[in-house]
Number of protein chains: 2
Amino acid sequence: MKSKAPKVSIKDVAQAAGVSIASVSRAMNEGTGNVSEATRQKVEKAIAELNYRPNWIGKALRGHSNNTFAMIISSIQNNFFSAVAWEIERRLNDEGAAMLLFNSNENMQLQDRCLEEIRSRQVAGVFMLCAVDSPNLKELAEHTPVILINRQIDDLPDLPFVGIDDRSAASELAKAIMRENDGPIALIHGPQTSNTSRARLDGFRSEFEREGRAILPENMIEAELSMESGYACAVHLMNTAKTPYSAIVCGNDQIAYGAYRRCRELGLNVPQDTAIYGFDDNPLNHWLAPWLNTVSVPHVRYAEEAVERMKRLVNGQTVENAILPYDIILRR
Amino acid sequence: MKSKAPKVSIKDVAQAAGVSIASVSRAMNEGTGNVSEATRQKVEKAIAELNYRPNWIGKALRGHSNNTFAMIISSIQNNFFSAVAWEIERRLNDEGAAMLLFNSNENMQLQDRCLEEIRSRQVAGVFMLCAVDSPNLKELAEHTPVILINRQIDDLPDLPFVGIDDRSAASELAKAIMRENDGPIALIHGPQTSNTSRARLDGFRSEFEREGRAILPENMIEAELSMESGYACAVHLMNTAKTPYSAIVCGNDQIAYGAYRRCRELGLNVPQDTAIYGFDDNPLNHWLAPWLNTVSVPHVRYAEEAVERMKRLVNGQTVENAILPYDIILRR
DNA sequence: CTGAAAGCGCTTACAG
DNA sequence: CTGAAAGCGCTTACAG
């Protein structure tokens, strides 16, 4: 596809100003070299008259400053993820950089296709919000700064990571759940292919067991990280349950929304009849899900820490993982 | 910022394959010219061995196929907008194109800064989801395909537009509202600088008036298109109202979420005590806001139609506006 | 079918 | 301080 791009180039400016293109370049870029005041003024006048803007592609090819980053997000449905992406975009834009956006849909092939595209575009760095393991990821990471957010990859333990301690957050939440609920508890956890979901499940289970309230196998089920899957799992669990659950614990907020819908359909009052617990704290909860207890994952700090680390990586520095604080949110 | 990009270029491939770079290029790009089977195989072998991928920047500078698009979205808080952005991204990726993402925050200066960046990057086209009027927009549109989504710009009536007939949707919703509610009605409408908000307000008012149920000035207030603003406006309105409103009509769903929160705080049951009406139908409503009546704006079709039109514009064809069908969603 | 060369728009040593 | 030239990685007429 061709774009009808503006045709005025540095040559036109040079001609209009009566100087060489080298001087135009120097006049535009502060630190590059010295220009006389007279030249600068001529150039600025010509730029203004021609309404010239430097062509980023020319600049980028020349080798300097490809200030473009990429972000791959695993699910377009998850508003918590969107919130992180947006926060990163805002910070990148403040730095004069731009962000290419891709969606992997938790799919290895799709993620690899995105990574191919990213590689060919020579981006300065890649943010991966809940990455899956894929061949191209390992390869790209050898040449390009990559930061993992919210989920680590088992086979790539050295990639910089920004997240929370999911295991301890889950066990802390489990304590609160046991305090608040005497009756039977259901657990709809996330896919065990995900490092994060596994840590959460581990935290929940070990804490419940420690208190002698281990979740029975028939009250536990694995869901995908979506509302639809959460709903389907809730349908399944609550068909087989003898007594209504006192609490339903979910691997993330999306799953919790699905479970909520099922409770409503069954005429259960949330949270009076059945309490629901999630994970992430989607910013919308404050407005739309006042019934949801959850772990607040600091999405704004995710963005801050990830962008900060990316800057360091791009400058060739090393970075350490950021394990950030979380909050247990108990809404009543 | 420098990226540690892979260093293997078309030259290395040419050398490894024992052919010229021209032949490598021809072997890679189908329609470009003829290559013997022998050459093709040598090239493919070299590419595989070196794990080469063409540098997009080189390609782009050469003049062909800058398959990068930009999307400017007015508010990162609005999930309806996010949904449209994601749908567009998905379709663009399917075509092998990529999407740069920007957030204008309904701010003219910020939008202009994004447009500068977009212009210097020579993108193939720009999608604007709820644009504001700004100097650079007019200018960019002269050189680059621009598609407006969900909101037109008064001073740029010729820019291609994808949306619905907001005025008639609003008046249809108003009819339903009057059918369902006998008591007093409040109206929290969007900013009148927005063409879309104006059309909605116009549709509501004229229909209420036509039925002799004009909204009183003290029951009407202008909000920004956010939950926070909707909340603040609801606080204001419901402090002054003598009797509780039978219905609160909102300029979009975000405003409605804010109003909902205020109703809850006041102990009002939604929808039994007070019904709430919104506009857009955020995909999350199905799960989280079963109390919300609204106009379903076809966000998936927005994406389809916008991408389709963009393809035509990029090919130099002309396009007509897409005024799409909507649905009145009455949840009970 | 194939290669040498020009050129996309820029920046940066290199001379002067 | 300034300009001519090289070169970033590619594609595409142009010859052969």
Side-chain angles (χ1 to χ4, degrees), chain A residues 1-43 46-47 50 52-68 119-124 143, chain B residues 1-43 46-47 50 52-68 119-124 143:
Chain A
M1 313 185 204
K2 282 164 206 156
S3 73
K4 33 175 178 164
K7 291 127 205 155
V8 29
S9 83
I10 196 171
K11 278 186 194 164
D12 305 299
V13 178
Q15 191 168 22
V19 300
S20 71
I21 61 166
S23 292
V24 175
S25 176
R26 288 192 200 99
M28 290 189 303
N29 306 9
E30 285 303 313
T32 321
N34 294 323
V35 238
S36 70
E37 193 48 36
T39 306
R40 179 185 309 281
Q41 296 207 347
K42 279 190 288 187
V43 169
I47 288 180
L50 296 172
Y52 165 76
R53 290 298 175 285
N55 179 332
W56 175 88
I57 296 175
K59 266 183 144 119
L61 184 55
R62 189 56 181 66
H64 228 25
S65 83
N66 179 348
N67 55 350
T68 306
R119 180 174 162 203
S120 87
R121 282 168 186 265
Q122 320 277 112
V123 304
H143 304 292
Chain B
M1 315 186 206
K2 282 164 207 158
S3 75
K4 32 175 179 165
K7 292 126 204 156
V8 29
S9 83
I10 196 171
K11 279 188 193 166
D12 304 299
V13 177
Q15 190 168 22
V19 299
S20 72
I21 61 166
S23 291
V24 175
S25 176
R26 288 193 201 98
M28 292 188 303
N29 306 11
E30 285 302 314
T32 320
N34 295 323
V35 237
S36 69
E37 192 49 33
T39 306
R40 178 185 308 281
Q41 296 207 348
K42 280 189 287 186
V43 170
I47 288 179
L50 296 172
Y52 164 78
R53 291 298 174 285
N55 180 332
W56 175 88
I57 297 174
K59 267 184 144 120
L61 184 55
R62 189 55 181 68
H64 227 27
S65 80
N66 179 348
N67 54 350
T68 305
R119 179 174 162 203
S120 86
R121 283 168 186 266
Q122 321 276 113
V123 304
H143 303 292

Check the distance between C:dC8's P and B:I57's CD1 and give it to me in whole angstrom. 18 Å
Among the nucleotides D:dC10, C:dG3, D:dT11, whichever has the atom closest to the side chain of B:Y52 is D:dC10
Test your reading of the model: is there a side-chain donor-acceptor pair from B:N66 to the backbone of B:Q122, 3.5 Å cut-off? yes
Closest to the B:L61 side chain, choosing from D:dC10, C:dT11, C:dG9: C:dG9
Quickly work out the A:L50 CG to C:dG9 P distance and round it to whole Å. 14 Å
Nucleotide opposite D:dA13 in a Watson-Crick or G-U pair, distances under 3.5 Å: none
Taking it one step at a time, do A:N55 and A:S9 satisfy side chain to side chain contact (heavy atoms under 4.5 Å, CB included)? CA-CA 8 Å; A:N55 179 332; A:S9 83; over 6 Å; no
Look at the side chain of A:R121 and the backbone N and O of B:W56, then say whether any donor-acceptor pair between them is shorter than 3.5 Å. no
Could you state the atom-to-atom distance from NZ of B:K59 to P of D:dT12 in whole Å? 10 Å
Heavy-atom donor-acceptor pair, A:R26 side-chain to D:dG3 base, under 3.5 Å: yes
In the structure I gave you, are the side-chain heavy atoms of A:T39 and A:R26 within less than 4.5 Å of one another anywhere? no
From the list C:dT2, C:dT11, D:dT2, which nucleotide is the closest neighbour of the side chain of B:T39? C:dT2
If you take all heavy atoms of A:P54 and B:S120, which pair is closest and at what distance? O-CB, 3.4 Å
OP1, OP2 of C:dT2 versus side-chain N and O of B:S36: anything below 4.0 Å? yes
Please determine whether side chain to side chain contact (heavy atoms under 4.5 Å, CB included) holds for the pair B:I47 and B:M28, giving the CA-CA distance in whole Å, both sets of side-chain angles, and the decisive distance to 0.1 Å. CA-CA 10 Å; B:I47 288 179; B:M28 292 188 303; 3.7 Å; yes
Can you work out whether B:I21 or A:R53 has the more 5'-proximal nearest nucleotide on DNA chain C? B:I21
Does D:dA4 pair with anything, Watson-Crick or G-U wobble, both distances under 3.5 Å, and if so, with which nucleotide? none
Using whole Å, report how far CG of B:N66 lies from P of D:dG9. 18 Å
Looking only at the side chain of B:S9 (C-beta and beyond, no hydrogens), which of the listed nucleotides D:dC10, D:dT11, C:dA4 gets closest? D:dC10
Nearest whole Å is fine: how far is C:dT11 C1' from A:E30 CD? 15 Å
Atom CD of A:Q15 and atom C1' of D:dG3 are separated, to the nearest Å, by 15 Å
Please tell me if B:S23 has a side-chain N or O lying less than 4.0 Å from either OP1 or OP2 of C:dG3. yes
Using whole Å, report how far CD of A:Q122 lies from P of C:dC10. 19 Å
Taking only side-chain nitrogens and oxygens of A:N29, does any of them come within less than 4.0 Å of OP1 or OP2 of C:dT11? yes
Rounding to a whole Å, what distance do you find between B:I10:CD1 and D:dC8:C1'? 13 Å
Establish, with yes or no, whether the OP1 or OP2 oxygen of C:dC10 is under 4.0 angstrom from a side-chain nitrogen or oxygen of A:K11. no
Please pick, from C:dG3, C:dG9, D:dT2, the nucleotide with the shortest atom-to-atom distance to any side-chain atom of B:S20. C:dG3
